[in-house]
Structures are given as structure tokens and as C-alpha cells.
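Numbering of residues begins at 1 and proceeds along the displayed sequence. Reckoned from all heavy atoms, side chains included, excluding hydrogens, waters and symmetry mates. Not measured: the values here are computed from a predicted model.
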Amino acid sequence: VIGDINGNIMPVKAGNGGWGEERVNLAEQSLLNKLIRRSLVRNRNQVEVLQADPNSPLYSVKTFEELRLKPELLKGVYNMGFNRPSRIQENALPMMLAQPPQNLIAQSQSGTGKTAAFSLAMLSHVNPDNKWTQCLCIAPTYELALQTGQVIEQMGKFCPDVKLAYAIRGNRMERGAKLQQQIVIGTPGTVHDWCTKYKLIDPKKITMFVLDEADVMIATQGHRDQSIRIHRQLPMNCQMLFFSATFEDSVWRFAEQIVSEPNIIRLKREEETLDTIKQFYVNCKEKEDKFTALCNLYGALTIAQAMIFCKTRKMAAWLTESLTKEGHQVALLSGEMTVEQRAAVIERFRSGKEKVLVTTNVCSRGIDVEQVSLVVNFELPVDLDGNADNDTYLHRIGRTGRFGRRGFAVNMVDSEHSMDIIKQIEMHFDRKIIKLDTSNLEEME
Ligand code: ADP
């Protein structure tokens with residue numbers, strides 16, 4: 001598992017994270033995660049639960065039956081291939097479905113089942129006989145709202161009387177005509193307009209409010225204030241559900257503004273380790289030397305699958321072109337591609353159509369390819385001050401869990417400064433990085 005392991009979103013660093021490359025666009029990253037996700041991410045950590053009322057009993061479920069869902073909804077859940085609740089769902093679902101309603105703040109990395117959980121909660125919550133909007137869900141972007149809407153539609157496939165409307169740009173509505181759809185999903189600006197300007201939704205009739213991807217939301221200009229404005233119009237007894245993949249202080253402060261008396265559920269991400277990784281460095285002078293070293297390594301790269309990290313788009317493009325000229329088949333993942341193009345490249349790489357993927361740091365986040373066994377740092381990860389960026393190093397080559405497969409990392413060293421960085425990384429992780437002679441690859445055996 002390489003890159004940002006298990007496809008979590010990393011917080012945006014101040015400035016450029018020292019990489020002189022594209023900024024991490026959280027919303028795009030989140031969308032990419034959704035597009036390439038096939039199943040739940042593995043996480044063996046315990047869920048932490050903090051109850052608003054510590055004296056009330058704590059329910060958790062091991063099966064969907066225990067939730068006593070409407071049969072047509074249960075059918076929808078099974079039809080999606082879900083056999084049992086995910087870690088976070090075990091606790092979150094009973095809380096979200098409890099009577100009287102309870103507020104919830106839930107945090108876990110992407111891919112742990114949050115979207116499925118609140119989709120189920122909304123579908124279960126609504127009264128299909130009431131032809132007005134009862135659940136409001138806001139997401140940071142048009143595309144993310146569409147993705148979540150699709151989950152709701154798929155899960156609600158056998159609930160024909162429950163209808164969903166998308167409050168997203170371009171979806172023009174007649175002023176004042178009250179919506180009949182029980183669930184509305186959209187972006188904060190349009191949802192706010194639909195409530196106030198167009199009066200399509202009566203916010204006083206909303207009994208469940210879901211705020212998804214709170215960390216992405218606050219990273220998007222204006223979304224935080226719009227969300228708070230929507231929230232202000234909702235009735236006091238409206239159930240508030242708040243989700244985030246990460247939890248910095250800013251997210252927490254936002255949560256406190258939206259959710260009173262919250263129950264809190266958190267699932268810590270699994271730690272990555274370098275324990276099963278053999279690390280090397282190769283001395284080179286120029287980028288051409290690095291390229292030669294890489295070509296010497298090429299046989300090893302293609303035994304399994306390899307990822308090569310560059311610092312800039314430009315370097316990644318140059319390297320890809322040079323490797324291609326040598327007759328190697330490589331894929332390039334680059335920041336100028338659309339999210340859909342990136343998803344397609346990752347898909348091809350995953351399925352083994354390409355054995356080698358050249359990428360920049362930002363792009364690789366979200367790729368979780370078990371089969372990658374070799375990572376090349378064509379350029380070493382450094383922070384703004386030019387020091388070793390240990391977190392990024394770990395994200396690129398680390399693995400989660402004790403059963404992480406063995407792997408190799410090769411670092412290209414082209415100056416005294418980069419040798420310094422290698423030393424810093426060695427010190428930080430207390431793991432040796434061994435010198436490798438690429439014209440004699442015995443060390444790698
Ligand atoms: P998150 O919102 O935390 O990113 P999702 O709800 O999108 O997570 O779930 C991640 C993936 O796992 C999706 O492909 C989803 O269909 C699947 N999934 C969610 N819940 C379950 C479950 N209980 N069993 C199996 N797969 C699930």
C-alpha cells in the first residue's frame with residue numbers, strides 16, 4: 001500500500017508543503033478516492049465512542065437485521081453487497097437511528113463506511129408519505145454531492161416512494177414551488193438559496209441535517225459560513241450528523257458550531273511502519289545518472305509493480321518520456337489530468353496493464369495498490385526548509401499492519417544535501433538505508 005495509505009486525505013499544508021508543485025486539492029482528492037474505491041479499507045483499530053450522556057446504554061450492532069430497518073431498505077443494503085456493518089457503522093448506525101434522535105460527530109479515514117452509514121440513516125429516517133423535504137445533506141462540491149446521491153439512490157432502490165433532489169448548480173428550479181422530495185443533497189450555496197431565496201425547502205421542516213466531508217468543506221472558500229447559515233434556519237430539535245475524514249482543531253471548532261450535545265465516534269487510522277521495507281540509496285550526479293540507475297533497476301521494477309516519485313510535474317513528464325523512449329511501458333499520473341483521467345490511470349495500473357507508475361507526491365494520494373513492492377524516490381521528499389519530510393517518506397513507502405507485504409525502497413541521492421536528507425530519515429525512523437550499486441544488484445536479492 002503506497003502513497004497515502006488507504007486513501008485518506010491529508011490536510012493541506014501551509015504553502016505548498018515545500019514541493020513547489022500543485023497544492024493538495026482536498027475536494028478533488030476526495031472525489032478521486034471515491035472513484036477508485038472498491039471496498040472498505042482495512043482498519044483493525046478500536047472505535048472510540050464518547051457519549052453525550054455517558055449513562056445511557058451504548059448500543060452496537062453486528063448485523064444489519066438488528067437495526068430493524070424497513071424490509072425494502074434492508075434489501076437495498078444487501079443488494080449493494082454489504083454483509084455486515086463496518087467498524088464505524090456498528091456504533092454509528094444505532095446512534096443515528098435512535099429515538100429520541102441523537103446528534104453525532106464521526107471521524108474516520110475515507111473508505112470506512114461513513115457515506116453508506118448516513119445514506120442509510122436518511123433513507124430510514126424519512127416518512128415517504130410526507131411529500132416535503134425532511135433530510136438535508138450538504139457536500140463540498142457538485143461532484144461529491146453527485147457521488148453521495150448515487151449511493152442514496154442505489155441503497156434506496158427498493159424504496160420507490162422515497163425521492164431525492166440535487167441542490168447543485170445548473171439545477172434550475174421554479175421559485176416558490178415546494179419540493180416534494182424527502183431528501184435533498186447539495187452544495188452549501190445552492191442549498192442555502194433553495195431554502196431562502198427560492199423557498200423550495202422549508203428549513204423548519206428539516207428533521208435530519210447531514211454535513212459530509214467537514215474537513216474538505218472548511219478548506220473551501222465560503223462553505224463554512226454558508227453551512228452555518230443553513231444550520232441557523234433549522235429547528236432546534238433537528239438531528240445533526242457531522243462527518244470528517246480528519247480532525248484538526250479547525251474541524252473541531254466547526255463541529256461545535258453545528259452540533260450541540262454530540263455523541264462522538266472516532267476510528268484512528270492504522271499506523272504505517274517501515275518494518276517490512278528494505279531501504280536503499282543510490283549515488284548519482286545528474287538526473288541523467290539517475291535515469292541510467294533507474295534503467296539498471298528496471299528488471300527489478302517490473303517483477304512486481306513499482307511507483308516512481310518525482311518532485312514536480314515537469315520532472316515526472318521528462319522521466320516518463322525518457323523511459324518510454326527506451327521502450328519501457330510506463331504510466332504517468334500528473335496534476336494537470338482531470339480526476340477522471342487520474343482514476344483511469346490508477347485503474348490501469350492496478351489491473352497490471354502498466355507495471356510502472358511515475359507520479360508526483362500529490363497525485364499518488366489515495367492509491368492503495370497492494371501489489372506495489374518497489375518504490376523509487378527519484379527525488380527525495382523535503383519540506384519547505386529543505387529538511388527531510390519524514391511523513392511524506394513514510395506515506396510513500398510505509399505499509400499498514402503487521403502483515404504488510406515486504407517491499408523495497410530506492411532513494412536517488414544526487415548531492416551532499418540529499419545525502420543529509422537520507423541521514424535524517426535514517427535517524428528519524430531508526431532504520432538503516434543501505435548503499436546500493438545499481439550495476440551490481442546483489443544487495444536486493
Ligand atoms: P467513506 O464515506 O468513509 O469514505 P464509504 O461509505 O464510501 O466510506 O464506503 C467505502 C466503500 O466501502 C464503498 O465502496 C462502499 O460501498 C463500501 N462499504 C460501505 N459500507 C460497507 C459495508 N458495511 N460492507 C461492505 N462494503 C461497504
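- Side-chain contact between C137 and M122: present, with at least one pair of heavy atoms (C-beta onward) separated by less than 4.5 Å.
- Atom CG of L357 sits about 11.5 Å away from atom CZ of R348, to the nearest 0.5 Å.
- Of all the heavy atoms in A343 and L35, the pair that sits closest is CB-CB, 4.1 Å.
- Side-chain contact between P262 and L104: absent, with no pair of heavy atoms (C-beta onward) separated by less than 4.5 Å.
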Would you please test T63 and E66 for side chain to side chain donor-acceptor pair (under 3.5 Å) and show each step?
CA-CA 6 Å; T63 65; E66 289 170 72; 3.0 Å; yes
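- In this structure, the side chains of T360 and K311 stay at 4.5 Å or more apart for every pair of heavy atoms.
- At least one donor-acceptor pair under 3.5 Å links the side chain of D383 to the backbone N or O of D385.
- The list of salt bridge (Lys or Arg N to Asp or Glu O under 4.0 Å) pairs with a residue in residues 105-119, not counting sequence neighbours, is empty.
- The closest donor-acceptor contact from the side chain of Q233 to the backbone of I230 lies at 3.5 Å or more, if one exists at all.
- Here salt bridge (Lys or Arg N to Asp or Glu O under 4.0 Å) pairs that include residues 178-204, with residues two or more places apart or in two chains, number zero.
- Summarising the geometry of L332 relative to A317, their closest heavy-atom pair is CD2-CA, 4.3 Å, with the distance given to 0.1 Å.
- Side chain of N103 to backbone of S260: a donor-acceptor contact under 3.5 angstrom is found.
- Between R313 and E336 a salt bridge is recorded (basic side-chain N to carboxylate O distance below 4.0 Å).
- Judged by distance alone, with hydrogens and angles left aside, the side-chain atoms of E48 form no donor-acceptor pair with the main-chain N or O of R266 at under 3.5 Å.
- Pairs engaging residues 140-163 under the side chain to side chain donor-acceptor pair (under 3.5 Å) rule: E153-Y166 [sequence neighbours left out].
- With values rounded to the nearest 0.5 angstrom, K432 atom NZ is found 11.5 Å from I422 atom CD1.
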Side chain to side chain donor-acceptor pair (under 3.5 Å), that's the test. Do Q51 and N263 meet it? Break it down for me.
CA-CA 5 Å; Q51 286 179 281; N263 294 285; 5.0 Å; no
I'd like to know whether E174 forms a side chain to side chain contact (heavy atoms under 4.5 Å, CB included) with L200, so could you lay out the CA-CA distance, the side-chain angles of the two residues, the decisive distance to 0.1 Å, and finally the verdict.
CA-CA 8 Å; E174 209 182 310; L200 304 169; 5.8 Å; no
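- Residue pairs satisfying the side chain to side chain donor-acceptor pair (under 3.5 Å) criterion with at least one member in residues 116-136, sequence neighbours excluded, are listed as follows: H125-T207.
- Taking a 6.0 Å sphere around CZ of R175, one finds it holds more than 12 heavy atoms contributed by other residues, nucleotides or ligands.
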List the steps, then state whether ring pair (Phe, Tyr, Trp, His ring centres under 6.0 Å) holds for F254 with F242.
CA-CA 10 Å; F254 184 37; F242 185 100; 5.5 Å; yes
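- L319 CG to E379 CD: the interatomic distance, rounded to the nearest 0.5 Å, is 9.0 Å.
- In summary, the side chains of E248 and T246 do present a donor paired with an acceptor at a separation below 3.5 Å, with no hydrogens or angles considered.
- Formation of a donor-acceptor pair under 3.5 Å by the T187 side chain with backbone atoms of G189 is not found in this model.
- When all heavy atoms of M217 and P140 are compared, the closest pair comes out as SD-CA, 3.6 Å.
- Residues satisfying the ring-ring contact (aromatic ring centres under 6.0 Å, His included) test with F82, not counting sequence neighbours, are none.
- In this structure, S60 and P94 approach most closely via the heavy-atom pair CA-CG, 4.0 Å.
- Here the CD-OG1 distance, from E271 to T273, works out to 9.5 Å after rounding to the nearest 0.5 Å.
- The aromatic rings of Y298 and H328 sit parallel to each other, their planes meeting at less than 30°, with 60° as the upper class boundary.
- The shortest side-chain heavy-atom distance between L123 and I183 falls under the 4.5 Å cut-off.
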Does M240 form a side chain to side chain contact (heavy atoms under 4.5 Å, CB included) with L234? I'd like the steps, not just the answer.
CA-CA 10 Å; M240 307 290 171; L234 305 174; 4.1 Å; yes
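- Between F243 and F118, a ring centre-to-centre spacing shorter than 6.0 Å is recorded.
- Between E270 and R42 no salt bridge is recorded (no basic side-chain N to carboxylate O distance below 4.0 Å).
- Within the 3.5 Å criterion, the main-chain N or O of R269 finds a donor-acceptor partner in the side chain of N45.
- Among residue pairs with one or both ends in residues 76-93, those qualifying as side chain to side chain donor-acceptor pair (under 3.5 Å) are K62-E90, E65-Y78, S86-Q89; sequence neighbours excluded.
- Within a 6.0 Å sphere centred on CE of M427, heavy atoms belonging to other residues, nucleotides or ligands number 12 at most.
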I would like to know whether N171 and T190 meet side chain to side chain contact (heavy atoms under 4.5 Å, CB included); could you show each step before the answer?
CA-CA 9 Å; N171 205 354; T190 309; over 6 Å; no
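- With hydrogens and angles disregarded, a donor-acceptor distance shorter than 3.5 Å links the side chain of R342 to the backbone of M337.
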Checking side chain to side chain donor-acceptor pair (under 3.5 Å) for the pair T115/K34: CA distance, chi angles, key distance, verdict?
CA-CA 10 Å; T115 306; K34 285 187 195 271; 3.3 Å; yes
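- At a threshold of 4.5 Å between non-hydrogen side-chain atoms, the residues L69 and L97 count as touching.
- Side chain of T220 to main chain of H223: no donor-acceptor pair is present (N/O by atom type, distance under 3.5 Å, no hydrogens or angles).
- At distances below 3.5 Å, at least one donor-acceptor pair connects side-chain atoms of Q305 with backbone N or O atoms of F349.
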Stepwise side chain to side chain donor-acceptor pair (under 3.5 Å) test for S110 and R37
CA-CA 9 Å; S110 73; R37 174 97 54 230; 3.0 Å; yes
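- Taken from NE2 in H231 to CD1 in I258, the straight-line distance is 5.0 Å, to the nearest 0.5 Å.
- Heavy atoms from other residues, nucleotides or ligands lying under 6.0 Å from CG of D430 number 12 at most.
- Residues E213 and S30 have side chains that bring a donor and an acceptor to within less than 3.5 angstrom of each other.
- Counting heavy atoms from C-beta outward, V382 and I421 have side chains that approach closer than 4.5 Å.
- Using a 4.5 Å cut-off on side-chain heavy atoms (C-beta onward), Q29 and N33 make contact.
- Side-chain atoms of N377 do not come within 3.5 Å of backbone N or O of L380 as any donor-acceptor pair.
- In this structure, CD1 in I308 is found 13.0 Å from CG in L333, a value given to the nearest 0.5 Å.
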Derivation and outcome, side chain to side chain contact (heavy atoms under 4.5 Å, CB included), residues Q182 and C135
CA-CA 6 Å; Q182 294 88 352; C135 290; over 6 Å; no
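- At least one side-chain heavy atom of V77 sits less than 4.5 Å from a side-chain heavy atom of M155.
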